[in-house]
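First listed ligand is number 1; within each ligand, the first listed atom is number 1. Residues take their numbers from the sequence shown, with the count starting at 1.
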Amino acid sequence: MTVVGISGSMRKDGNTSLLIRSILERCENGGLKTEFISLAGKEIKPCLGCEKCKEKDWCVIQNDDWGDIMKKVMDSEVLVIGSPTYYFDVCGHLKNFIDRSYSLYHQRKLAGRKAVAVAVCANKGGARTIETLEGFLNTHEFSYLGWVRGKGYLAGDVINDHRAMHRAEEIGDRIIQLLNPRD
Ligand SMILES: Cc1cc2nc3c(=O)[nH]c(=O)nc-3n(C[C@H](O)[C@H](O)[C@H](O)COP(=O)(O)O)c2cc1C
């Protein structure tokens, strides 16, 4: 898959999903192949800190959904990763997903892919959510294309944040330009 979007929200059709899907829809309209993955309902166990991944170059926890999702990221050219803001930061479910990617850090297995960070908050703290996502992306040496930050409380509210919705379109166009330079 060319562009993979991952929402960490437990609201499958919440605001984070909505913003990420807007980016992916734009990319699809520009001829790119995309896949949206919601972590809602997925089992993502926390990193054990066992450091065994240093030898295996893959997370030793096998019996959950992390591996299949991470393989899709590894097969992609662009990752659009997003989280709702929980206490001024990414939500715990997405943090578990991120922490497990330590297993790919030793050999820089994610390096060189492009990435976009997405965050939604009701009021305050979205900037720090983006910072955490940037920490993840920079550590893995993704090429960072930028962020989209939206505001919304109830699922679907972010559609009224016209600036964020517009920025999602702009980021989608940027991805299309980078992947289809002839357009
Ligand atoms: C546990 C929890 C913590 C939250 N913490 C914050 C916060 O620190 N700042 C904020 O503005 N909104 C906070 N919110 C509101 C969510 O960020 C907001 O509802 C967001 O739109 C949820 O995105 P989603 O629909 O993608 O899940 C919190 C919500 C929950 C459930």
Side-chain angles (χ1 to χ4, degrees), residues 1-29 32-47 64-66 68-70 72-73 76 78-101 110 113-140 142 144-175:
M1 199 52 61
T2 312
V3 187
V4 166
I6 297 180
S7 166
S9 174
M10 296 306 270
R11 289 176 179 173
K12 199 166 186 286
D13 298 312
N15 295 314
T16 311
S17 298
L18 215 147
L19 268 186
I20 293 173
R21 279 186 162 133
S22 301
I23 297 171
L24 299 187
E25 211 174 285
R26 194 80 172 183
C27 292
E28 286 269 346
N29 290 339
L32 300 179
K33 285 201 162 111
T34 73
E35 181 170 356
F36 173 73
I37 301 166
S38 165
L39 296 190
K42 300 280 194 311
E43 189 182 13
I44 312 286
K45 292 180 180 166
C47 171
D64 72 356
D65 295 309
W66 181 85
D68 285 347
I69 299 170
M70 191 48 91
K72 289 186 179 181
V73 174
S76 73
V78 183
L79 169 65
V80 180
I81 187 163
S83 180
T85 296
Y86 280 8
Y87 292 96
F88 287 70
D89 215 319
V90 298
C91 65
H93 205 46
L94 187 71
K95 189 60 165 57
N96 280 351
F97 182 80
I98 287 173
D99 290 349
R100 298 267 297 281
S101 73
L110 293 173
R113 288 170 187 77
K114 299 170 180 58
V116 172
V118 174
V120 182
C121 69
N123 184 26
K124 278 185 181 175
R128 207 163 96 190
T129 304
I130 292 287
E131 266 180 47
T132 296
L133 293 172
E134 287 174 348
F136 159 66
L137 297 172
N138 291 336
T139 300
H140 281 288
F142 279 84
Y144 188 43
L145 305 184
W147 49 264
V148 180
R149 227 167 72 201
K151 283 215 170 162
Y153 174 51
L154 299 175
D157 278 355
V158 79
I159 205 120
N160 299 315
D161 183 345
H162 302 294
R163 214 165 61 172
M165 296 305 291
H166 182 61
R167 199 164 155 80
E169 287 181 357
E170 283 179 342
I171 285 274
D173 289 343
R174 185 154 160 64
I175 295 170

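- Contacts classified as salt bridge (charged side-chain N to carboxylate O under 4.0 Å, His left out) and involving residues 3-20 (residues at least two apart or in different chains) are given here: Asp13-Arg21.
- Checking Glu170, His162, Arg163 one by one against His166, the side-chain hydrogen bond (donor to acceptor under 3.5 Å, both in side chains) holds for a single residue, Glu170.
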Would you mind writing out a table of all protein N or O atoms found under 3.5 Å from any N or O atom of ligand 1, naming both atoms and giving the distance to 0.1 Å?
residue: ligand 1; atom: 5 (N); partner: Thr85; partner atom: O; Å: 3.3
residue: ligand 1; atom: 5 (N); partner: Tyr87; partner atom: N; Å: 2.9
residue: ligand 1; atom: 8 (O); partner: Tyr87; partner atom: N; Å: 3.1
residue: ligand 1; atom: 8 (O); partner: Phe88; partner atom: N; Å: 3.0
residue: ligand 1; atom: 9 (N); partner: Lys124; partner atom: O; Å: 2.6
residue: ligand 1; atom: 11 (O); partner: Ala122; partner atom: N; Å: 3.0
residue: ligand 1; atom: 11 (O); partner: Asn123; partner atom: N; Å: 2.6
residue: ligand 1; atom: 11 (O); partner: Lys124; partner atom: N; Å: 2.9
residue: ligand 1; atom: 11 (O); partner: Lys124; partner atom: O; Å: 2.9
residue: ligand 1; atom: 12 (N); partner: Ala122; partner atom: N; Å: 3.3
residue: ligand 1; atom: 14 (N); partner: Thr85; partner atom: O; Å: 3.3
residue: ligand 1; atom: 17 (O); partner: Thr85; partner atom: O; Å: 2.7
residue: ligand 1; atom: 19 (O); partner: Tyr153; partner atom: O; Å: 2.8
residue: ligand 1; atom: 21 (O); partner: Asn15; partner atom: ND2; Å: 2.8
residue: ligand 1; atom: 21 (O); partner: Gly152; partner atom: O; Å: 2.7
residue: ligand 1; atom: 25 (O); partner: Arg11; partner atom: NH1; Å: 2.8
residue: ligand 1; atom: 25 (O); partner: Asn15; partner atom: N; Å: 2.8
residue: ligand 1; atom: 26 (O); partner: Ser9; partner atom: OG; Å: 3.4
residue: ligand 1; atom: 26 (O); partner: Asn15; partner atom: N; Å: 3.3
residue: ligand 1; atom: 26 (O); partner: Thr16; partner atom: N; Å: 2.8
residue: ligand 1; atom: 26 (O); partner: Thr16; partner atom: OG1; Å: 2.6
residue: ligand 1; atom: 27 (O); partner: Ser9; partner atom: OG; Å: 2.6

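- Phe97 has its ring centre no less than 6.0 Å from the ring centre of His93.
- For Glu25, there are no side chain to side chain donor-acceptor pair (under 3.5 Å) partners, not counting sequence neighbours.
- Sorted by first and then second residue, the pairs that involve residues 123-132 and meet side-chain hydrogen bond (donor to acceptor under 3.5 Å, both in side chains), not counting sequence neighbours, are Thr85-Thr129, Asp89-Thr132.
- A salt bridge links Asp99 to Lys95: one of the charged nitrogens lies within less than 4.0 Å of a carboxylate oxygen.
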